[in-house]
Amino acid sequence: MFDSDDLSAVDFSAISDQGLIDALRTAHGAAAAAQAAEVFAVRELYRRRRADCADPGPGGARGGEFAATEAAMALQVDEATTAALIDIGMALEDALPHTRAAFAAGRIDLAKVRVIVDNTRAVTREVLADLEPRLLEAAGRTNPLRLRQVARRWAARLDPGGTRRRRERRQEERDVRLRAVQDSMAVFDGLLPAPGAQTVAMRLREMSMQVCATDPRTMPQRRADALVALADGSGRLRCQCGRGARCPKDGVPIGQPRRALIQIGIPADTLLGIQESPAFLAGYGPIDATLARILAENAHFQVIAEPSDIDDPATTEEAAQWRPTPRLEREVRAVDGLCRFPGCAMPAAESELDHNRPFDRERPARGGPTARTNLAALCGRHHRLKTLADKKKLPWAIWRADLERLQWTAPTGDIHTTAREGARYLFPRTDTGAPAALGPHRSEQVMDSPLALPDRPTAEDMAYPLNGYVVVHGQLRRIPPEDDIPDDRPEPARNCPQ
């Protein structure tokens, strides 16, 4: 272990791999504790300014009105950031004592604190007493993005009516914006209802795959060009491989436009209106039951049976084939929900299916079967990691602890376990960490304020101001899994273990 005061003097080139991991954890904890001190200090400044300067009435100064301005000038940051820090400090002091203590000790950072604060304003103090420690436990084993998914799922389960009301109110703020930037470029963004945004995203991804494998554009460039093609009436992304008529996509007719496919997982009793459990919108996360039932009015349905270790629907013939059947593929993606690597939020619908125990193409009976008990969704990046580990080219170890849990062992021996995210929605009883609802209750009034639903700055921006940073080293550039281009080259003729 390391003393956080001595880290700057450490010769990192001289310590072991495990020592580097220990140093990372110590430094991160020290940074989190420093973040906590900053939040507590600016909160105290606000408290003092409220007490010192209060002149109510027309033309008077409101108590604490310019505390955020004073702090922003001292730190040389924008006022929105210091105002957010004050707001978080107030929430910790007023309602989240355990989160405050963990933050002060450096056990959780500002990004995770922000998630907990955002997702506990809506619940009564009675429910919060059970919810807060469970969220802290979850914060200790996942990243802010996945923690936000967990928190939103639990909040929607505890208060389905409040979740629906906030969604209906927020939809009134939908908008699309265009902003000019340097070099003849513009930023095009907007705030859309989640199903509509996911429809656009899936359409752009579908159009991005209309070109051949040698098209030189990155996936982000393809999506940008596809958006323009969608708007200019052409409806097609033209390949830029430069091979003309020799391009395998040249002359391929475009079918009639259809509605972009979005996938939603919903428990049967919620679909029937018996329960109000949240549903899972692939690529987004939890949505309220009312919205899911509205979307289901024009949906195609597939019934997914709850998985079990002893009841796998794959036949012997199916299990001996390397490629899963369409039915099996849909079931695995629905139950997994997201990539099964720890912390990855890539939707299973856009991920690849991996045999946990590698399939042996030469002698299928000798390898792992193509069955639900041996398949998991992995994004392209993490599928590559596991494939290299299976071939002993990376010192990682991945194995299935049971039907539900996939265990990842890092080179230093750290063990992280993931569970099937989609199953938490399809089969709510498997969400064993969720707090029990204490009966119908009304959301606290604080959530009716627009200030409780900020879009910017995000927790991640506040903790790590790296938005827009241009990565120089080539090996780091393709980290975002949504930017990976699937390999559509023909499968090798030679049979080899996958």
Side-chain angles (χ1 to χ4, degrees), residues 115 118-119 122 142 144-171 173-174 190-206 223 258-273 275-304 329-340 343-351 377 379 419-428 430-431 434 453 455 458 481-482:
V115 172
D118 282 349
N119 288 277
T142 191
L145 186 60
R146 292 294 287 266
L147 177 63
R148 188 175 294 278
Q149 294 252 344
V150 171
R152 286 165 48 207
R153 182 176 73 242
W154 289 351
R157 186 163 294 154
L158 289 168
D159 184 19
T163 301
R164 175 183 55 78
R165 289 191 297 273
R166 290 189 295 275
R167 186 255 306 166
E168 291 173 344
R169 184 173 66 248
R170 198 67 190 281
Q171 286 180 345
E173 301 174 21
R174 61 191 182 275
L191 182 66
L192 301 175
Q198 190 61 20
T199 298
V200 173
M202 295 305 294
R203 172 69 76 203
L204 295 181
R205 182 173 179 83
E206 182 181 79
R223 287 196 298 264
R258 62 171 180 78
R259 296 182 63 181
L261 176 66
I262 60 173
Q263 296 182 343
I264 298 171
I266 181 172
D269 53 5
T270 297
L271 180 63
L272 296 173
Q275 296 291 337
E276 293 295 313
S277 299
F280 180 76
L281 172 61
Y284 174 77
I287 59 174
D288 63 89
T290 301
L291 176 58
R293 286 192 287 263
I294 292 172
L295 296 173
E297 292 175 0
N298 298 303
H300 296 285
F301 293 93
Q302 179 179 355
V303 177
I304 307 293
E329 185 175 339
R330 288 192 298 267
E331 290 182 359
V332 173
R333 295 187 192 280
V335 176
D336 280 2
L338 300 170
C339 169
R340 296 293 300 276
C344 184
M346 187 68 169
E350 300 174 38
S351 299
C379 70
R420 290 173 148 171
E421 183 73 8
R424 301 289 188 265
Y425 296 85
L426 290 170
F427 317 110
T430 65
D431 193 5
L453 295 165
D455 286 313
T458 66
E482 67 273 15

Subject >> Check: Thr270 side chain, Ala289 main-chain N or O, donor-acceptor pair, under 3.5 Å >> reply: no

Original post:
Which residues pass the salt bridge (Lys or Arg N to Asp or Glu O under 4.0 Å) test with Arg152, sequence neighbours left out?
Top reply: none

Subject >> Main-chain N/O of Tyr284 paired to Gln149 side chain as donor or acceptor, under 3.5 Å >> reply: yes

**OP:** Indicate yes or no: does Glu168 engage Arg165 in a salt bridge with an N to O separation below 4.0 Å.
**Re:** no

**OP:** Please say which of Asp431, Asp159, Asn119 ends up in a side-chain contact (heavy atoms from CB on, under 4.5 Å) with Trp154.
**Re:** Asp431

**OP:** Please answer whether the main-chain N or O of Ala201 pairs with a side-chain N or O of Arg223 as donor and acceptor at a distance below 3.5 Å.
**Re:** no

Original post:
Just by distance, do the side chain of Arg174 and the backbone of Gln171 share a donor-acceptor pair under 3.5 Å?
Top reply: yes

Original post:
Among all residues two or more places apart in sequence or in another chain, which pass the side-chain hydrogen bond (donor to acceptor under 3.5 Å, both in side chains) test with Asp336?
Top reply: Arg340, Arg420

Subject >> For Gln275, all residues meeting side-chain hydrogen bond (donor to acceptor under 3.5 Å, both in side chains), sequence neighbours excluded >> reply: none

**OP:** Provide the closest heavy-atom pair for Thr290 versus Arg164 in the form atom of the first, atom of the second, distance.
**Re:** OG1-CD, 3.3 Å

Original post:
For Gln263, what residues pass the side-chain hydrogen bond (donor to acceptor under 3.5 Å, both in side chains) criterion, not counting sequence neighbours?
Top reply: none

**OP:** Sorted by first residue and then second, give each salt bridge (Lys or Arg N to Asp or Glu O under 4.0 Å) pair with at least one member in residues 279-291; sequence neighbours left out.
**Re:** Arg167-Asp288

Original post:
So is Arg424 actually on top of Phe280's ring, under 6.0 Å and inside 45° of the axis?
Top reply: no

Original post:
Between Arg146 and Cys344, is there a donor-acceptor pair closer than 3.5 Å when you use the side chain of the first and the backbone of the second?
Top reply: yes

**OP:** Under the side-chain hydrogen bond (donor to acceptor under 3.5 Å, both in side chains) rule, collect the residues that match up with Arg330, sequence neighbours excluded.
**Re:** Gln302

